[in-house]
Each structure stands twice: as C-alpha cells, then as structure tokens.
There are 2 protein chains.
Amino acid sequence: MARGKLTTVSQDPVSQDPVSQDPMSQEQLSQDQPFERTHFVEEVGLMFETVGLPRMSGRLFGALLISNPPYQSNRDLAEMLQASKGSISTMTRLLMQIGLIERVSFSGDRRDYFQIKPQAWAHMTKQRMTQITAFRHLAEQGLKLLADEPPKLTSRLQEMYDIHAFLERELPLLDQRWAQEQAQELHHS
Amino acid sequence: MARGKLTTVSQDPVSQDPVSQDPMSQEQLSQDQPFERTHFVEEVGLMFETVGLPRMSGRLFGALLISNPPYQSNRDLAEMLQASKGSISTMTRLLMQIGLIERVSFSGDRRDYFQIKPQAWAHMTKQRMTQITAFRHLAEQGLKLLADEPPKLTSRLQEMYDIHAFLERELPLLDQRWAQEQAQELHHS
DNA sequence: TAGTCTGTTCAGTACGTACTAAACATTTAG
DNA sequence: CTAAATGTTTAGTACGTACTGAACAGACTA
C-alpha cells in the first residue's frame, strides 16, 4: 500500500523509554494520575464529537497528546484505548487525512508510529476555510435563485454571503499573524 | 409550554402573498427553477451535516433562505420539505436554540411562523467561541497532567493551548470589525 | 520454507440518531 | 359543547455509523 511520506528518524524508540517495553500497555495511562489521564482522553473524545469527528479519533488524539514517548504504534494505541487494531487503523488514517497526526518510522524497527503533527492545529484552519468557502458559494447560489427579487427577500442570503466573504478575507490574515507570533516565540526561546 | 420571546408583527402574513394561500405547499419550491430550488435546499442540508448538524435542520434552514414570504409555519415547512410535523417541530426548536431562526406571530393568526434571525451568523460565532474555550481548557488540563515533564512532551499541548488562546483573543475583535462593517453598510444605504 | 509480526481490509453487528405517525394538549371557531 | 386547527410529545423503527474480530497481505527472521 502506498504510504504518505514517512519521516524516518535514526534513534531507536523502544530503547529510549523503559515503560514502552514489553509491551506498551495500559500501564502508560496508569502511570500517574491514572483516572485523570483516562478522563482527559475521554474528554478529548467527546470534544471531537462536538466538531463532527468520531469519538474514537478524539480518544486516539488525546492519548497522543499525553503519551510518553509522544509517538505510539497501532498496537500501543489499541492497548491504551482498549480498542481493536482495525478501529485504530481507520482512525489513524482519518486523523492523517485531516492533518492532525503523521506517521513516523525508526530504522531497525518495522513498526509504524503515529505522532501529533507539528503545527497540526494550523492545518485545521485550512479545513475551516474550505467550509467557509463552501458556505459563501452556497449563498451565491441562493442569491442567483432570487435574482430580481427585492431586498426583503434577499437580505437573508446577502448576510450569509457577506459574513462568509468577510471571514474568507480575514482568517488567512489571522493565520499569518499566528505564524508571526510563533516565529517570535522561537526567537525568544 | 413557555415560549421564547415572541416577535409580534401587526400585518397579516397570509393576505400579503397569494402564493401562500390555500395552502402553502410544494408550489413555492416549484415556482421557478423548481429543480434548482430543491437542489439548493438539499445542498444546505448536506452543508449543515458537515458542521455536525442534522441534515433536516439544514434543509429547513435552506427553505427559509429562499422562501417567499421569508417566514413559514410548521405546516408550511412540513409540506415544502415533505417531512412530518414532529420532525419540523424538533428541528425548529434546535435552530432556535442555536440562534439561527426565531419564532414570529401575527395578530389574528394563531399559527407560529419561523424566520431566519437577523445577524444569525454572528450568533454562530458565539458557539464557535464556546468550542475554542473548551479546547483551550482541555489543553490546560493536559498541561497539568504533564507538569514537570520536559518540553519534548508538553509542546503538543502547549501548541494546542497557544493557538486556542490566540483565537479566543482575536475572534471577538474580528466580530467587532464585522459589526462595524455592517454599521457602515447601513449608513451607506 | 515456515513462522512471526504488523497493519489493513472486510463482513458482521451493536448502537445511536433522526425520522414517522399517532396521541395529546391547547386554543379558537361555530 | 363539539369540532377543527395547530404544534408538541412519544413510541416505534429504519438507517447509517463505527466498532469488533477474523482473514489477509507484506515484510522480516530463523
């Protein structure tokens, strides 16, 4: 199966972290504040549901937010989350498509590992933009349907059009400002 | 049952528009470009699904975007959308809770009518803000769980925190800019 | 070559959502 | 008082989603 571009790193992941040996399991969620960690993972799952994503994808993401090391294999995630490998496979693919996680591999280890993509949330803005453009376009369609009608009938669509056109203009600028703040943070560090 | 605050308008809605008489029906979607109108309504339905709302709520909203008059009763909507009154009742309540539509009544007419709320999309921003705050809060929880851990482990959560804190600061300002543009539009008109 | 390990795919299914139609409650008209 | 009109509520159910577990494919090791 053709893979996305893999990031290959030379260090051996397993030997870096004794907890992940033999094997990575529920131990990790349990290491301290076990209840709080499991609760956090479930909360992220519920939060993902509110934005229309499957709960399991959120739980997976939540696990990767707090896992040590910050990358886990399919099997690791299945054990941590008490889920089937098939479900993990489907959800990791979804999160990669969205741009929230990426696959990494290590020389001498044939397992795939998944980690949160740097600047992942910025990628979410791209999807938000796609949505806004789609709404703006729908408003245009609606305005065409009501061509020649008085403003009393078209104002609802005009408002939908105007606000989405405004966001289409402004959100990329906000993105740039965010990127600049990030760059300044790096300079300060 | 206690109702939300009702807007009561003195003009009689039915006598204003012959198409809505005896009765409001599929005729309205059919009046011109019948296929395009139905298609538009379905597209809005699908779009609402992408943001996690029921398809029927989107179809209802789409119908109200292009209906003439721009307010319709439960029964009108049920006929236009070929849906049950129960479904319309549930979906109108949902859209009112979200802040996208409102209920209006007319003296001498005991039917309730629903119309798109002016500045409806601005209300959507409130919900977006609630979501952002929830994500920022979750990131804080995660950072607490990883207190005393090195940046290698906390950077994922720090980035999630930083971008949501940034949006929490900036989106209200964007909202204000939008409101100012609207005010200027009104002055120009 | 056979066995093992890993992740993917697929058939099957549990579960939740969202719809219908009927019953109901309220209001108004005859 | 009864009938009609309107919208709400509820029980029932169709349907789609998202999960499991088994089968599978590929790669590696002994």
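Throughout, protein chains are lettered first and strands after them, A, B, ... in sequence-line order, and every chain is numbered starting at 1.
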Subject >> salt bridge (charged side-chain N to carboxylate O under 4.0 Å, His left out) contacts in which one or both residues fall within residues 123-137 of chain A, not counting sequence neighbours >> reply: A:Arg136-A:Glu140, A:Arg136-A:Glu168
Measure the distance from [atom1] on [X] to [atom2] on [N] and round it to the nearest whole Å.
X: B:Asn74; N: C:dC19; atom1: CG; atom2: P; answer: 14 Å
X: B:Gln82; N: C:dA21; atom1: CD; atom2: C1'; answer: 15 Å
X: B:Phe48; N: C:dC19; atom1: CZ; atom2: P; answer: 13 Å
X: A:Phe106; N: C:dT6; atom1: CZ; atom2: C1'; answer: 16 Å
X: B:Lys85; N: D:dT9; atom1: NZ; atom2: P; answer: 13 Å
X: B:Leu77; N: D:dT6; atom1: CG; atom2: C1'; answer: 14 Å
X: A:Glu79; N: C:dT6; atom1: CD; atom2: C1'; answer: 13 Å
X: B:Leu81; N: C:dT20; atom1: CG; atom2: C1'; answer: 15 Å

Original post:
Which angle, rounded to 10°, do you find between the first-five-pair axis and the last-five-pair axis of the helix from C:dT1-D:dA30 to C:dG30-D:dC1?
Top reply: 10°
Original post:
Between A:Glu49 and A:Arg55, is there a side-chain N and carboxylate O pair less than 4.0 Å apart?
Top reply: yes
Subject >> Test side chain to side chain donor-acceptor pair (under 3.5 Å) applied to B:Gln115 and B:Gln72, B:Glu102, B:Arg103, the passing residue >> reply: B:Glu102
**OP:** Please check if the distance between the ring centroids of A:Phe106 and A:Tyr71 is under 6.0 Å.
**Re:** yes
Subject >> Contact residues, residues 89-98 of chain A to DNA chain C [heavy atom, < 4.0 Å] >> reply: A:Ser89, A:Arg93
Distance test, side-chain N/O of [X] to OP1/OP2 of [N], below 4.0 Å:
X: A:Ser84; N: D:dC19; result: no
X: A:Arg111; N: D:dC28; result: no
X: A:Arg103; N: C:dT8; result: yes
X: B:Arg110; N: C:dT27; result: no

Original post:
Taking the nucleotide of DNA chain D with the closest heavy atom to each, which residue, A:Pro54 or A:Gly86, is nearer the 5' end?
Top reply: A:Pro54
Original post:
Using 30° and 60° as the class limits, which term best fits the ring planes of B:Phe135 and A:Phe48: parallel, tilted or perpendicular?
Top reply: tilted
**OP:** Give me the ring orientation class for B:Phe61 and B:Trp121: parallel if the planes are under 30° apart, tilted from 30 to 60°, perpendicular past 60°.
**Re:** perpendicular
For the student: nearest non-hydrogen atoms of [X] and [Y], plus distance:
X: A:Arg59; Y: A:Glu42; answer: NE-OE2, 2.8 Å
X: A:Met160; Y: A:Ala139; answer: CG-CB, 3.8 Å
X: A:Ala63; Y: A:Leu81; answer: CB-CD2, 4.1 Å

Subject >> Residue B:Arg75, side-chain atoms from C-beta onward, closest of C:dG7, D:dT6, D:dC19 >> reply: D:dT6
